[in-house]
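Data block below; observations after.
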Amino acid sequence: VNNYTEVGVRIDPAGKSEPLFVNPFALDPSNNAVLYYPCGRDIWRHENLYAVSLRNKLPTYNRSDGWTQLRSVAPVNAQFSAIGTARLSNGSTRLYIGTNTGKIYKLDNAQSSLSATSVADISVAKGFPANAYVSCIAADPTNADRAIAVFSNYNVQSLFLTENAGATWLPVSGNLEERPDGRGGGPSCRWLTMLNVRGTLVYFVGTSTGLYATSRLQGMSTVWVPEGASTIGNVIVPMVVARQSDGLVLVGTHGNGIFTANVTDMPTSVQNNASTTDEIRLFENAPNPFSPQTTIRYELPQRSHVRLRVMDMSGREIITLVNQPQSAGAHETIWDGRGYGGGWAASGLYIYHLISIAENGTTTSRTGQMQLVR
């Protein structure tokens, strides 16, 4: 007679801090046996979930086994509230971790080491709402340097996009806010997930008034459209997740059940609201003239490989600011007046040159001029 029964086993680490009522955790994107568990001010990693047996007569598990701990990373009086995982091109794992006081951290090589020296604060002076609650951080499944942070407070800009691993952030909550600065009667954003649909990323965001989606991020001009209005309705959506392998999207609601859909084609509502412009737009840098730094903004009509360079007036290249594939929508980058090697450029006029190569091979270039004042 087989007396073994599959049961649930508690595995959270012994000696951990008091967790949040809904505490975050995440599996490693390259190895589902590895679990990350930020709790309180600490980060924990479980080395091998497969070693936890679920077929015991008397199920027990030593909750000290398999756990590695990085202590006291978050500020005093803060708790970790969100985690996003991303797979880097070299196969290592990056963590994006947020707190209930608006801080966001980045930890690379997380699958093999937990070191305080490898944790970087990527939230200082980035325009985030003060002391806001980070409820979710979603990493781009196709590019580990891209991530979106979700702040769940009312009367703040709710969604921020980075395309350079946290060096800069751009608000993208658009029409989810009543006013561009986030104030007013806009909903509370709770969760965001990205799904690669036939080469185009679709972004789904759960809010206090239902589910919204877009395929085109354009800063605070982003248009988010309602999804499932007649089924999901305008109830609170605290979580939405997507499976890249087959396009399965699961939407959890507060009091209205769980909804699923297999999204294998662009949602009609998103497609109808996508911009039809086929022009690349390169805006004047701001401020201009500038000291010590300036922001260069541009918009792409479709996913393209982008190279953005700074040159002097003789055509000599000073530095390359961007050289990577980027999604359709609004982008921005900062030049702080330094060239290759970190040396400061002299006062004077400079050219910024944008080259975009679309996936169909179409190449487009745009040029602007700026003045550095020291």
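Residue indices begin at 1 and follow the sequence shown.
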List the atom of [X], the atom of [Y], and the distance in Å for their closest heavy-atom pair.
X	Y	result
Ala330	Gly219	CB-N, 3.6 Å
Pro238	His254	CD-N, 3.9 Å
Met194	Pro141	CB-CD, 4.0 Å
Leu20	Phe80	CD1-O, 3.2 Å
Leu176	Cys189	CD1-SG, 3.8 Å
Gly368	Leu282	N-CD2, 4.0 Å

Practice problem: Dump the intermediate steps for side-chain hydrogen bond (donor to acceptor under 3.5 Å, both in side chains) on Asn262 and Thr264, then the final yes or no. | Solution: CA-CA 6 Å; Asn262 284 96; Thr264 56; over 6 Å; no

Donor-acceptor pair, [X] side chain versus [Y] backbone, under 3.5 Å?
X	Y	answer
Asn155	Gly184	yes
Ser208	Ser188	yes
Asn109	Ser113	no
Gln79	Glu18	yes
Thr162	Thr168	yes
Lys126	Gly166	yes
Asn23	Pro38	yes
Trp67	Ile11	yes
Ser304	Val306	no
Arg45	Ala110	yes

How long is the span from the [atom1] atom in [X] to the [atom2] atom in [Y], to the nearest 0.5 Å?
X	Y	atom1	atom2	result
Leu349	Met311	CG	CE	13.5 Å
Thr364	Leu354	OG1	CG	9.0 Å
Leu201	Arg198	CG	CZ	15.0 Å
Leu308	Trp335	CG	CH2	11.0 Å
Leu195	Tyr203	CG	OH	11.0 Å
Ser158	Phe151	OG	CZ	9.5 Å

Just so I know, are the side chains of [X] and [Y] near enough to count as touching, which here means a heavy-atom distance under 4.5 Å?
X	Y	value
Pro129	Gln157	no
Trp169	Ile122	yes
Met370	Leu372	no
Pro226	Leu211	no
Ile83	Tyr36	yes
Thr207	Val205	yes
Trp224	Leu217	yes

Linking I/L/V/M/F/W/Y whenever their side-chain heavy atoms sit closer than 4.5 Å, directly or via other members, would [X] and [Y] fall into one cluster?
X	Y	answer
Ile97	Val34	yes
Leu35	Tyr50	no
Val263	Val251	yes

Salt bridge or not between [X] and [Y]? Use side-chain N to carboxylate O under 4.0 Å.
X	Y	result
Asp65	Arg63	no
Asp145	Arg94	yes
Lys103	Asp121	yes

Quiz prompt | Check against salt bridge (Lys or Arg N to Asp or Glu O under 4.0 Å), Glu317 and Arg307 | solution = CA-CA 12 Å; Glu317 182 172 312; Arg307 187 179 184 193; 3.3 Å; yes

Quiz item: Are more than 12 heavy atoms from other residues, nucleotides or ligands located less than 6.0 Å from atom CG of Asn90?
Solution: yes

Exercise. Tell me, yes or no, whether the heavy-atom count around Phe283 atom CZ, taken from other residues, nucleotides or ligands under 6.0 Å, exceeds 12.
Key: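 Yes, because the 6.0 Å sphere around CZ of Phe283 holds more than 12 heavy atoms from other groups.
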
Quiz item: Taking the six-membered ring for Trp, are Phe160 and Phe128 ring centroids under 6.0 Å apart?
Solution: yes

Quiz item: Yes or no on side-chain contact (heavy atoms from CB on, under 4.5 Å) for Trp44 and Leu70, after CA distance, side-chain angles and deciding distance?
Solution: CA-CA 6 Å; Trp44 298 77; Leu70 173 60; over 6 Å; no

Between the side chains of [X] and [Y], does any donor sit under 3.5 Å from an acceptor?
X	Y	value
Asp42	Gln69	yes
Thr294	Asn285	yes
Ser30	Gln111	no
Ser327	Arg146	yes

Quiz item: Can you list the steps and then say if Ile43 with Tyr37 is a side-chain contact (heavy atoms from CB on, under 4.5 Å)?
Solution: CA-CA 6 Å; Ile43 302 171; Tyr37 183 78; over 6 Å; no

Practice problem: Not counting sequence neighbours, list each pair that qualifies as a salt bridge (Lys or Arg N to Asp or Glu O under 4.0 Å) and has a residue in residues 241-256. | Solution: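 Residue pairs passing salt bridge (Lys or Arg N to Asp or Glu O under 4.0 Å), neighbours aside: Arg243-Asp246.
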
Quiz item: Do any pairs count as a salt bridge (Lys or Arg N to Asp or Glu O under 4.0 Å) and have a residue in residues 357-374, sequence neighbours left out, and if so which ones?
Solution: Arg303-Glu359

Practice problem: Start with the C-alpha gap between Ser356 and Tyr298, add the side-chain angles, then the distance that decides, and say whether side-chain hydrogen bond (donor to acceptor under 3.5 Å, both in side chains) holds. | Solution: CA-CA 11 Å; Ser356 169; Tyr298 52 95; over 6 Å; no

Quiz prompt | side-chain contact (heavy atoms from CB on, under 4.5 Å) assessment of His46 paired with Phe25 | solution = CA-CA 11 Å; His46 195 285; Phe25 66 90; over 6 Å; no

Exercise. Please identify each residue that fulfils side chain to side chain contact (heavy atoms under 4.5 Å, CB included) with Arg338, with sequence neighbours left out.
Key: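 With neighbours one apart ignored, the set is Asp336, Trp344.
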
Quiz item: Can you name the one residue among Asn153, Val150, Thr99 that meets side-chain contact (heavy atoms from CB on, under 4.5 Å) with Tyr133?
Solution: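 Only one of Asn153, Val150, Thr99 forms a side-chain contact (heavy atoms from CB on, under 4.5 Å) with Tyr133, namely Asn153.
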
Quiz prompt | Option from Asp28, Asp108, Asn31 for which side chain to side chain donor-acceptor pair (under 3.5 Å) with Thr93 holds | solution = Asp28

Self-check item: His305 and Asn323: CA distance, side-chain angles, deciding distance, side-chain contact (heavy atoms from CB on, under 4.5 Å) verdict
Solution: CA-CA 7 Å; His305 189 103; Asn323 188 15; 2.9 Å; yes

